[in-house]
A.B. asks: 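One structure, as structure tokens, below. Some questions next.
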Amino acid sequence: MNILVLIKQTFDTEEKITLQNGKICEDGVNFIINPYDEYAIEEALKLRDLHGGEVTVITIGPERSENALRTALAMGADKAIIVDSEDQELDEHSISKVLAAVIKGRKYDLILGGNMAVDYGSGQVGPRLAEELDIPQITTITYIEVNGNQVIIERDVEGDKELVESSLPVLATAQQGLNEPRYPSLPGIMRAKKKPIERLEIDDFDFEDDIDAKTVVTETYFPPKKDAGRILIGEIKDQVSELANLLRSEAKVL
Amino acid sequence: MKKVLVLTEAKYGSLRGVSLEMLSAAHRLADGGEVIAVAIGNEAIYYANELGKHGAKKIYIVGNKELDMYITEGYSQALQQIIDMVNPEAILMPHTAIGKDLAPRIAARYDLGLISDVIDVQVVNDVVIFTRPIYSGKAFEKKTVVSGIPFATVRPNNIPMKEINGTTEIVRLNVEIKDIRTIVKEVVRTSTGVVDLSEAKIVISGGRGVKSAEGFKPLEELADVLNGAIGASRGACDAEYCDYSLQIGQTGKVVTPDLYIACGISGAIQHLSGMSNAKIVVAINKDPNAPIFQVADYGIVGDLFEVVPLLTEEFKKVLVNS
């Protein structure tokens, strides 16, 4: 089976955010594959090893995103596609239109991605793309099994588990708990260097619809900094009653 | 003046707070225009009054049996028929499991922009400005829609509810549902508490310091007394003390309760971004140098297994007396 995996390169979750001229500054930042997309890659590799076929990872992003593709190839993906988005203002609407254009005409049985990215966290691209391609979507999945033309999926719904069945092709987005992503092995890294990366530009496509961003960011800012709190002192018992009082009379949250 | 459509949501038969919060946001957006609510499922008749009290001028109750359980395709067909009928000038949906799955699909169907996970809505000089957290709360951004109608999903627990007097019209209808490609075979309710983590006013959270799955017991007892929900750090989930669905942080849920009690959580930056926008943070940790104390309003340096049961006892007393 042929599996497409949508990935995004994001800031390492350890990174602090800094602003420069009102925009988020990327200088000196360590980039990683969005952690939710890593689950998607891992699951795609497992399914390929079980059912055959190939795994293609796709990203839209600036040139640096190619590193994320190399990592995915080193993990074991077969092919990669990058659509250069340097200097383009794209929102979720634009991104899903571009992805749909990349994917239409390619053969696939399953599309996997993370359920959201840890940077902008809107989680829109998966469902939007499914709509663009007119295929069903199943979000926040924690288990997937493919039987012929059917998939059985378990999804996380705010802590509850839902068992869903769908026909292929389907788009599914990964939730934490789906698997434990592998690290790229040394031979994997060596092999990745020879694997093909297809480089595309947004201008390569003829779009039926307008892909201009429908939404814009007008301001980016930090939440007000909190003053350091109060460490209570004394016997633990006394601290506990003091805390209960403070929460009631000072903080007024009880 | 705008006509605003709001998709309300109920869970286990009761209306979710975010539904009323959205109505309040919708009123700001409507700016004197009509606020129209959609409720899926006939049981909505039991809470229609509540929606009306919070300013829903008209309520469409969709009664199809096929929609008893949420399915993307079924719900999107229902919403499409209502949107075509109502022709709204703004749409709000909840940023819950349902809204997160459904709203982008609807947005794509109508080629609309969508602003997800908003915590505030303001109208300034006729421009609708949405505020949303990015990098799971490490920063915020303001966004506007530049083409098409405003469409957003609203994060629970952020926009204050507001009662608005007026009359309400209830319209019951069935929509046409066809060609469904996915089936929900089974739903297993594994969430322990009755209170949903993202909507809880009080969250009691455990980290590696709870040491085992049983170690969550005292936290659960405290949560019971306070009617709170249980959360966890990634450390506790990775160590398999609890399910990943409880994880709070950059790769888990972001919560904004009134009170967050962190027990045995050191406070890695990824965790802090998921909870530091709580109104009041209490930290209980053995290590006085744990970073969690830097974001805590109140801290107790001590063993959680000693402190938490004492707290439970104390709150029992305090809450009985109040």
Side-chain angles (χ1 to χ4, degrees), chain A residues 11 13-14 17 24 35 91-93 96 118-124 127-128 130-132 136-139 156-167 176-177 209 212 214-223 226 228-232 236-237 239-241 243-244 246-248 251 253, chain B residues 72-73 97 100-101 104-105 108-109 111-117 134-136 138-148 181-191 196 244-245 250-251 258-259 269-270 277 279-280 293-302 306-307 310-311 314-315 318:
Chain A
F11 277 35
T13 54
E14 305 253 346
I17 307 297
I24 290 185
D91 69 352
E92 297 90 342
H93 159 80
S96 44
V118 294
D119 48 11
Y120 289 89
S122 78
Q124 290 185 28
R128 274 183 181 272
E131 173 69 19
E132 295 290 343
Q137 79 201 37
I138 302 172
T139 51
D156 162 53
V157 184
E158 295 169 359
D160 292 345
K161 299 279 173 222
E162 219 175 74
L163 205 64
V164 188
E165 213 179 85
S166 173
S167 55
Q176 191 156 39
D209 317 295
D212 290 348
K214 303 262 181 194
T215 57
V216 291
V217 176
T218 56
E219 192 186 343
T220 304
Y221 61 101
F222 291 117
K226 256 188 157 173
R230 190 183 333 168
I231 304 284
L232 306 181
I236 291 287
K237 262 188 96 127
Q239 289 189 35
V240 165
S241 20
L243 175 64
L246 286 168
L247 290 177
R248 231 157 51 114
V253 286
Chain B
T72 315
E73 291 179 303
K100 285 184 228 179
D101 187 85
R105 184 114 201 173
R109 189 160 299 180
D111 269 341
L112 288 173
L114 171 66
I115 300 178
S116 299
D117 199 17
I134 53 174
Y135 292 86
S136 49
K138 286 178 188 167
F140 291 92
E141 65 181 12
K142 290 191 193 289
K143 281 192 103 169
T144 58
V145 171
V146 288
S147 160
R181 291 168 289 190
T182 54
I183 319 162
V184 178
K185 302 289 261 190
E186 199 186 339
V187 179
V188 187
R189 213 176 138 175
T190 51
S191 46
D196 182 67
Y244 277 115
S245 60
Q250 199 161 2
T251 49
D258 290 343
L259 174 61
I269 185 169
Q270 296 93 331
N277 292 316
K279 280 193 200 91
I280 296 291
F293 287 117
Q294 285 161 25
V295 298
D297 297 275
Y298 306 111
I300 292 183
V301 178
E306 184 190 354
V307 177
L310 283 172
L311 257 183
E314 189 68 28
F315 284 134
V318 172

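Residue numbers start from 1 in every chain, and the chains themselves are labelled A, B, ... in the order their sequence lines are given, proteins ahead of strands.
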A.B. asks: Is there a donor-acceptor pair closer than 3.5 Å between any side-chain N or O of A:Q137 and the backbone N or O of B:D101?
C.D. replies: yes
A.B. asks: Of the listed residues (B:G302, B:S116, B:S136), which shares the most heavy-atom pairs with chain A below a 4.5 Å separation?
C.D. replies: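 The candidate making the most pairs under 4.5 Å is B:S116.
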A.B. asks: Tell me which of these, A:L247, A:D91, A:D212, has more heavy-atom pairs under 4.5 Å with chain B than the rest.
C.D. replies: A:L247
A.B. asks: Between B:T72 and A:P127, is there a side-chain heavy-atom distance shorter than 4.5 Å?
C.D. replies: no
A.B. asks: I'd like to verify something: which residue of B:E186, B:K185, B:E314, B:R181 has the highest number of heavy-atom pairs under 4.5 Å with chain A?
C.D. replies: B:R181
A.B. asks: Using non-hydrogen atoms only, which part of A:E92 is less than 4.5 Å away from chain B: side chain, backbone, both, or neither?
C.D. replies: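 Side chain only.
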A.B. asks: Are A:T13 and B:I269 close enough that some pair of their side-chain heavy atoms sits under 4.5 Å apart?
C.D. replies: no
A.B. asks: Is the backbone N or O of A:V118 less than 3.5 Å from a side-chain atom of B:Q250, with the two atoms forming a donor-acceptor pair by type?
C.D. replies: yes
A.B. asks: Of all of A:E132, A:Q176, A:E14, which one pairs up most often with chain B through heavy atoms under 4.5 Å apart?
C.D. replies: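 Option with the greatest count: A:Q176.
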A.B. asks: A:L243 versus chain B, heavy atoms under 4.5 Å apart: side chain, backbone, both or neither?
C.D. replies: side chain
A.B. asks: Kindly say whether B:K142 contributes a backbone atom to a donor-acceptor pair with the side chain of A:T218 at under 3.5 angstrom?
C.D. replies: yes
A.B. asks: For the candidates B:K100, B:Q294, B:R109, B:E306, which exhibits the highest count of non-hydrogen atom pairs separated by less than 4.5 Å from chain A?
C.D. replies: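 That would be B:R109.
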A.B. asks: Against chain A, work out which of B:S245, B:G299, B:G113 has the most heavy-atom pairs shorter than 4.5 Å and name it.
C.D. replies: B:G299
A.B. asks: Do the side chains of B:I134 and A:V217 get nearer than 4.5 Å, heavy atoms only?
C.D. replies: no
A.B. asks: B:D111 versus chain A, heavy atoms under 4.5 Å apart: side chain, backbone, both or neither?
C.D. replies: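 Both backbone and side chain of B:D111 come within 4.5 Å of chain A.
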A.B. asks: For A:P35, is it the side chain, the backbone, both, or neither that has a heavy atom closer than 4.5 Å to a heavy atom of chain B?
C.D. replies: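 Side chain of A:P35 only, per the 4.5 Å heavy-atom cut-off to chain B.
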A.B. asks: Between B:T251 and chain A, which part of the residue has a heavy atom less than 4.5 Å away: side chain, backbone, both or neither?
C.D. replies: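 Both parts, backbone and side chain.
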A.B. asks: For B:L114, does its backbone N or O pair with a side-chain atom of A:Q124 as donor and acceptor, under 3.5 Å?
C.D. replies: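 Looks like yes, one N/O pair under 3.5 Å.
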A.B. asks: Is it the side chain or the backbone of B:F315 that comes within 4.5 Å of chain A heavy atoms, both, or neither?
C.D. replies: side chain
A.B. asks: In the structure I gave you, are the side-chain heavy atoms of B:V188 and A:L163 within less than 4.5 Å of one another anywhere?
C.D. replies: no
A.B. asks: Report which part of A:S167 has an atom under 4.5 Å of a heavy atom belonging to chain B: side chain, backbone, both, or neither.
C.D. replies: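 The answer is both parts of A:S167.
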A.B. asks: What part of A:D119 is in contact with chain B, defined as an atom under 4.5 angstrom from a non-hydrogen atom: side chain, backbone, both or neither?
C.D. replies: both
